[in-house]
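For reference, the structure discussed in these notes is given below.
Below, chains carry the letters A, B, ... as their sequence lines are ordered, and counting in each starts from 1.
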Number of protein chains: 2
Amino acid sequence: MKQPTICPKFEKAISLLSQRWSALVIYQLLSGSQRFSEIQSAIGISGKVLSDRLKDLEHQGVVKRDVIPETPVIIEYSLTEKGRSLEPVLREIESWSQLWVKPEGDLS
Amino acid sequence: MKQPTICPKFEKAISLLSQRWSALVIYQLLSGSQRFSEIQSAIGISGKVLSDRLKDLEHQGVVKRDVIPETPVIIEYSLTEKGRSLEPVLREIESWSQLWVKPEGDLS
DNA sequence: ATAAGTTAGTTACTTTATGTAAGTAAGTAT
DNA sequence: ATACTTACTTACATAAAGTAACTAACTTAT
């Protein structure tokens with residue numbers, strides 16, 4: 001039974017950010033536009049899931065996909081204004097993590 | 001294949017917050033300690049998953065479980081200091097959501 | 001001109017996570 | 001005694017994520 005007393009905008013924001021990998025993809029793109037394989041190797045995500053996430057995020061207006069007609073075609077992903085506006089959120093998480101997270105227990 | 005160039009503490013924070021429902025549970029507890037069924041009906045989560053999440057969060061030191069030996073025993077969940085320290089993160093998400101999220105199925 | 005490599009994905013299949021519904025134990029209210 | 005509530009658990013179904021192999025278009029090396 002769903003009778004959420006929580007603000008639907010907030011809930012939607014949470015569901016966007018709690019989608020696995022989404023926050024990490026956005027965080028990665030904060031350092032500038034990047035290509036598919038760069039993002040992939042930077043955060044260790046599979047091609048399939050990265051492909052899904054980028055489509056989602058593009059659809060939600062957070063990420064922009066540009067086809068650059070260079071010698072071999074280059075596809076670049078970058079943040080839109082909406083995406084960049086998430087920077088304070090990610091920075092808060094970053095500083096929280098530095099204060100409160102103990103690195104043990106990450107068996108990768 | 002994982003070769004994350006991303007800070008492991010940050011990654012761990014992200015994986016905690018991207019666990020489905022976790023952020024919502026923490027957010028809900030920001031307004032004070034609550035019982036199982038209160039959280040359940042406030043955010044519309046199933047008993048099973050709430051039970052799992054509370055155990056996870058307790059294990060990570062974010063949530064505290066107190067058994068109060070009142071007339072019928074009352075079990076109260078609340079945030080630890082670590083949990084409360086996530087408030088700025090949730091507040092950032094909240095204010096971002098007010099500025100950028102359109103409530104219904106938004107196809108921008 | 002082959003052959004091998006890169007990029008940006010997709011497809012098929014497996015594993016894990018989540019959802020749903022029903023059940024349980026302890027206690028209360030009628 | 002019967003029905004109801006709380007805080008769960010169990011069993012089962014479905015959805016999401018992981019893995020690996022594959023493709024199409026192009027590039028470089030032989």
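- Atoms CD1 (Ile74(A)) and P (dA25(D)) sit 19 Å apart, rounded to a whole Å.
- Between Gln19(A) and dA17(D) there is a side-chain polar atom (N or O) within less than 4.0 angstrom of OP1 or OP2.
- If you measure from atom CD1 of Ile39(A) to atom C1' of dG9(C), you get 13 Å, rounded to the nearest angstrom.
- Residue Lys55(B) has no polar side-chain atom (N or O) positioned under 4.0 Å from OP1 or OP2 of dA7(D).
- Between Glu38(A) atom CD and dT7(C) atom C1' the separation is 11 Å, expressed in whole Å.
- Note on Glu76(B): nothing from the nucleic acid sits closer than 4.0 angstrom, heavy atoms only.
- Between the side chain of Lys12(B) and the main chain of Lys102(A), a donor-acceptor pair closer than 3.5 Å is present.
- At the phosphate of dG18(D), neither OP1 nor OP2 sits under 4.0 Å from any side-chain N or O atom of Arg53(A).
- Distance, Asp52(A) CG to dT11(C) C1': 12 Å, rounded to whole Å.
- Along DNA chain C, the nucleotide nearest to Tyr77(A) and the one nearest to Gly47(B) differ in position, and the one closer to the 5' end is contacted by Tyr77(A).
- Ile26(A) and Gly83(A) make their closest contact through CG2-O, 4.2 Å (heavy atoms, listed as atom of the first residue, atom of the second, distance).
- Between the CG atom of Leu50(B) and the P atom of dC8(D) there is a distance of 9 Å, given to the nearest Å.
- Between the CZ atom of Phe36(B) and the C1' atom of dT24(C) there is a distance of 14 Å, rounded to whole Å.
- Phosphate proximity of dT9(D) to Ser51(B): present, with a side-chain N or O under 4.0 Å from OP1 or OP2.
- When the nearest nucleotides of DNA chain D are assigned to Val73(A) and Ser18(A) by heavy-atom distance, the more 5′-ward of the two goes with Ser18(A).
- Atom NZ of Lys48(B) is separated from atom P of dT9(D) by 11 Å (rounded to the nearest Å).
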Where do Leu50(B) and Tyr77(B) land on the side-chain contact (heavy atoms from CB on, under 4.5 Å) test, with the steps shown first? CA-CA 12 Å; Leu50(B) 180 54; Tyr77(B) 293 93; over 6 Å; no
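- Nucleic acid contact class of Ser46(B) (heavy atoms, under 4.0 Å, all strands): base.
- Distance Ile45(A) CD1 to dA8(C) P: 15 Å, rounded to the nearest Å.
- The shortest distance between the side-chain N/O atoms of Trp21(B) and the OP1/OP2 oxygens of dG19(C) is below 4.0 Å.
- The main-chain N or O of Asp66(A) is never found under 3.5 Å from a side-chain atom of Glu76(A) such that the two would form a donor-acceptor pair.
- Between Arg35(A) and dT7(C), a side-chain N or O to OP1/OP2 separation shorter than 4.0 Å is absent.
- The heavy-atom pair separating Trp21(B) from Arg53(B) by the smallest distance is CB-CG, 4.1 Å.
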